[in-house]
Amino acid sequence: MVDPAQNGLRFRTDAPVSDPAVTVEAFAEQTNALAVRIEPGEDVRLLLPFLDRLRLVEVNFPSFGDGRGYSAARILREAGYTGELRAVGDVLVDQIAYMKRCGFDAFQPDELLDRGDVENALSRWPDVYQPTADGRVPIWNLRHG
Amino acid sequence: MYQYDHYDQAMVDARVAEFRDQCQRRLEGKLTEDQFKPLRLMNGLYLQLHAYMLRVAIPYGTLSGAQMRALGNIADKFDRKYGHFTTRQNIQYNWIKLEDAPDILADLAKVEMHAIQTSGNCIRNISSDHFAGAAADEIIDPRPYAELLRQWSSFHPEFSYLPRKFKIAVIASETDRAAMRLHDIGINIVRNDAGELGAAFYVGGGMGRTPMIAPLINGFVPLDQLITYSEACLRVYNRYGRRDNKYKARVKILVHELGAEEYTRQVEEEFALLIAQSIEPPFAELERIRTYFDEPAFDADASDELDRTDPDFAVWSDRNTHPHKTPGYVSAVISLKPVGGIPGDATADQMRLMAELAEQYSFDECRVTHTQNIVLPHVRKADLFALWQKLDAAGLGTPNLDQVGDIIACPGLDYCSLANARSIPIAQQISQRFHANGKGEILGELKLKISGCINACGHHHAGHIGILGVDKKGVENYQLSLGGSEAEDTSLGKITGRGFDEAGIVDAVETSVDVYLAQRQDGERFLDTYRRIGMEPFKEALYG
Ligand code: SF4
């Protein structure tokens with residue numbers, strides 16, 4: 001298992017939550033749970049009543065081609081979730097820039113990523129067209145001051 | 001025409017650099033083919049039967065002379081001196097080397113072009129009416145909305161790994177020249193009773209294995225909510241579209257399985273949440289884009305007369321022009337369907353000539369049609385004869401727009417790794433047959449479309465006559481269908497019965513056409529006669 005803190009793919013300054021992430025179902029029942037893991041087919045909106053106590057959401061990507069986790073991440077951020085949002089599983093260097101835009105701030109890939117490739121990927125785009133969860137000002141607004 | 005500012009240019013340049021890096025990592029073995037595949041696909045690079053194919057985006061089908069010239073030069077430098085214009089208003093190069101792909105993208109970026117999202121499970125190039133900005137019947141030029149959607153959908157981080165590809169078309173007239181309702185989202189810009197402009201959203205159309213005509217889900221989305229509403233449509237699809245079976249993954253299946261009403265309800269619910277996020281671009285941005293599509297400086301004194309002395313020219317101008325909103329002008333259509341030719345192919349020299357003619361006669365603009373022809377949208381009637389002479393001399397003056405020779409055909413088994421059967425030779429034989437027997441001249445409008453497999457890139461479902469290549473125990477076989485239409489009276493063709501072999505399908509088309517000729521009443525097109533008399537007489541003649 002890759003430690004996201006050690007691998008450097010954590011873009012937060014607070015201390016990582018050490019609790020294990022439980023399933024969505026278990027999370028709803030265990031009133032002291034802080035960390036949850038959601039699978040592609042699960043409705044992320046089930047977590048919205050628990051935003052107060054949520055500290056870590058792991059979004060699983062069993063295969064990088066399944067993009068449901070991108071919507072899950074944005075929905076959480078749009079609803080005001082500010083805790084750690086970690087992409088786990090088949091997370092590749094060419095996806096992490098988009099994941100970051102959708103609100104992920106930690107990555108725990110199955111396979112270790114090359115640091116240089118990650119830096120290249122994250123610094124590639126000078127600007128962005130759409131407003132998303134990362135708060136970057138889109139080109140549309142830059143054009144009009 | 002839209003022109004990049006430094007922001008747009010920087011985005012495209014970044015993409016070239018990114019793809020260069022990805023190709024490099026692939027060549028170094030840092031990326032497996034499985035990992036590289038979706039990345040190259042998002043840059044339009046397919047691995048076909050014999051080589052890589054590169055598909056270049058032509059947003060809403062509009063090109064400047066310089067862009068058309070660059071396409072010709074790329075064909076010379078990196079391919080076999082020709083390119084293939086596609087049914088999605090794009091161009092494909094069929095003989096590309098992987099090592100060259102980044103350089104081609106760099107050449108494209110120099111003329112504000114790219115291959116972004118021309119493939120892959122993402123939002124594809126936005127298509128539109130090829131007579132936009134020129135047609136006498138349009139409410140407004142639809143292209144500013146298409147350009148806004150282009151920017152929104154480019155590198156959209158949430159929608160780059162959708163269940164399946166996603167195609168959007170935007171039109172703004174009652175006459176549908178873009179097969180709008182056969183797209184994942186079809187947008188028709190309309191005016192309401194109060195005179196305001198809005199967007200009618202049709203969602204869930206498509207061809208392929210399960211052809212469907214998109215239902216209307218919202219008749220009037222205000223234009224300052226266009227992006228937010230599109231985003232809601234996509235998010236519902238991204239979350240709930242099927243991912244277990246690629247043949248059931250398009251949004252049309254989701255809309256069909258949920259029912260249009262339930263899909264609409266979910267979209268509206270998502271929209272209500274998204275509108276609070278203020279993701280809509282400032283209205284000033286739409287205004288900025290619109291200024292690029294201002295009318296060219298038309299000559300107010302342009303003569304409305306046409307000298308029809310030359311009989312060949314008269315035939316061409318009757319068939320291959322379309323009424324323009326400005327007196328004294330027409331839109332001229334250059335047929336890429338010479339008798340016996342490969343539908344949609346143009347040589348590098350022809351592309352450069354079309355570029356020059358666009359600059360000289362059409363305010364530096366040309367268009368690609370989804371029927372694989374090229375339009376010069378704004379030609380003075382007084383210049384039409386001179387234009388035709390130059391086209392004719394270059395083999396570009398075939399007078400067959402919307403006629404039986406104006407066939408849509410996909411690349412088929414000559415290039416495509418998914419094909420069951422060849423499309424191009426069938427198109428060539430049909431075109432030659434109807435030229436030789438003279439019937440092509442008397443048929444009037446007849447839209448014939450050929451696909452080499454069920455993916456329906458050749459739009460066969462929407463052909464007045466459609467041909468589909470199927471594989472029958474390892475032998476190429478062709479199904480015939482009748483009665484499809486992609487226009488505002490959208491309908492899907494019906495299969496006549498058992499299939500035909502290569503020679504048989506050409507005969508079967510002629511037999512069907514003979515039934516029409518024998519039965520047609522005043523002014524009826526093939527489609528009208530078919531709709532009036534039904535399938536039976538055709539079946540009778542075909543299978544007797
Ligand atoms: S219809 Fe089939 S054969 Fe033709 S281009 Fe599409 S996938 Fe290939």
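Below, each value reflects all heavy atoms present in this structure, side chains not excepted, and no hydrogens, waters or symmetry copies. Letters A, B, ... mirror the listed sequences (proteins, then strands); counts begin at 1.
The part of A/Val93 that comes within reach of chain B is its side chain, from C-beta onward, which places non-hydrogen atoms under 4.5 angstrom from that chain. Contact annotation for B/Pro281: both backbone and side-chain heavy atoms come within less than 4.5 Å of a heavy atom of chain A. Only the side chain of B/Leu39 has a heavy atom closer than 4.5 Å to any heavy atom of chain A. Within the 4.5 angstrom heavy-atom criterion, only side-chain atoms of B/Leu31, from C-beta onward, approach chain A. At a 4.5 Å heavy-atom cutoff, the contact between A/Pro126 and chain B is made by side-chain atoms alone.
Interface summary for chain A: among B/Pro163, B/Ala17, B/Gly241, the most heavy-atom pairs under 4.5 angstrom belong to B/Ala17.
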Using atom types as modelled and no hydrogens or angles, find all donor-acceptor pairs between chain B and chain A shorter than 3.5 Å.
{"residue": "B/Asp5", "atom": "OD1", "partner": "A/Arg143", "partner atom": "NH2", "Å": "2.9"}
{"residue": "B/Asp5", "atom": "OD2", "partner": "A/Arg143", "partner atom": "NE", "Å": "2.6"}
{"residue": "B/Asp5", "atom": "OD2", "partner": "A/Arg143", "partner atom": "NH2", "Å": "3.2"}
{"residue": "B/Asp8", "atom": "OD1", "partner": "A/Tyr129", "partner atom": "OH", "Å": "2.5"}
{"residue": "B/Asp8", "atom": "OD1", "partner": "A/Arg143", "partner atom": "NH2", "Å": "3.0"}
{"residue": "B/Asp8", "atom": "OD2", "partner": "A/Arg143", "partner atom": "NH2", "Å": "2.8"}
{"residue": "B/Asp21", "atom": "OD2", "partner": "A/Arg124", "partner atom": "NH2", "Å": "3.2"}
{"residue": "B/Gln22", "atom": "NE2", "partner": "A/Asp94", "partner atom": "OD1", "Å": "2.8"}
{"residue": "B/Arg25", "atom": "NH1", "partner": "A/Asp94", "partner atom": "OD2", "Å": "3.3"}
{"residue": "B/Arg25", "atom": "NH2", "partner": "A/Asp94", "partner atom": "OD1", "Å": "2.9"}
{"residue": "B/Arg25", "atom": "NH2", "partner": "A/Asp94", "partner atom": "OD2", "Å": "3.4"}
{"residue": "B/Gln151", "atom": "OE1", "partner": "A/Trp140", "partner atom": "NE1", "Å": "3.1"}
{"residue": "B/Gln151", "atom": "OE1", "partner": "A/Arg143", "partner atom": "NH1", "Å": "3.0"}
{"residue": "B/Trp152", "atom": "O", "partner": "A/Gln130", "partner atom": "NE2", "Å": "2.8"}
{"residue": "B/Ser154", "atom": "O", "partner": "A/Gln130", "partner atom": "NE2", "Å": "2.7"}
{"residue": "B/Glu158", "atom": "OE1", "partner": "A/Arg74", "partner atom": "NH1", "Å": "2.6"}
{"residue": "B/Glu158", "atom": "OE2", "partner": "A/Ser71", "partner atom": "OG", "Å": "2.5"}
{"residue": "B/Tyr161", "atom": "O", "partner": "A/Gly67", "partner atom": "N", "Å": "3.1"}
{"residue": "B/Tyr161", "atom": "OH", "partner": "A/Gln95", "partner atom": "NE2", "Å": "2.7"}
{"residue": "B/Glu231", "atom": "OE2", "partner": "A/Arg74", "partner atom": "NH1", "Å": "2.5"}
{"residue": "B/Glu231", "atom": "OE2", "partner": "A/Arg74", "partner atom": "NH2", "Å": "2.9"}
{"residue": "B/Arg235", "atom": "NH1", "partner": "A/Glu78", "partner atom": "OE1", "Å": "2.9"}
{"residue": "B/Arg235", "atom": "NH2", "partner": "A/Glu78", "partner atom": "OE2", "Å": "2.9"}
{"residue": "B/Asn238", "atom": "ND2", "partner": "A/Gly67", "partner atom": "O", "Å": "3.1"}
{"residue": "B/Asn238", "atom": "ND2", "partner": "A/Ser71", "partner atom": "OG", "Å": "2.9"}
{"residue": "B/Arg239", "atom": "NH2", "partner": "A/Asp43", "partner atom": "OD1", "Å": "2.6"}
{"residue": "B/Arg243", "atom": "NE", "partner": "A/Asp66", "partner atom": "OD1", "Å": "3.4"}
{"residue": "B/Glu270", "atom": "OE1", "partner": "A/Arg45", "partner atom": "NH1", "Å": "3.1"}
{"residue": "B/Glu270", "atom": "OE1", "partner": "A/Arg45", "partner atom": "NH2", "Å": "3.4"}
{"residue": "B/Glu270", "atom": "OE2", "partner": "A/Arg45", "partner atom": "NH2", "Å": "2.7"}
{"residue": "B/Gln277", "atom": "NE2", "partner": "A/Glu78", "partner atom": "O", "Å": "3.2"}
{"residue": "B/Glu285", "atom": "N", "partner": "A/His144", "partner atom": "NE2", "Å": "3.4"}
{"residue": "B/Glu285", "atom": "OE1", "partner": "A/His144", "partner atom": "NE2", "Å": "2.7"}
{"residue": "B/Glu285", "atom": "OE2", "partner": "A/Arg143", "partner atom": "NH1", "Å": "2.8"}

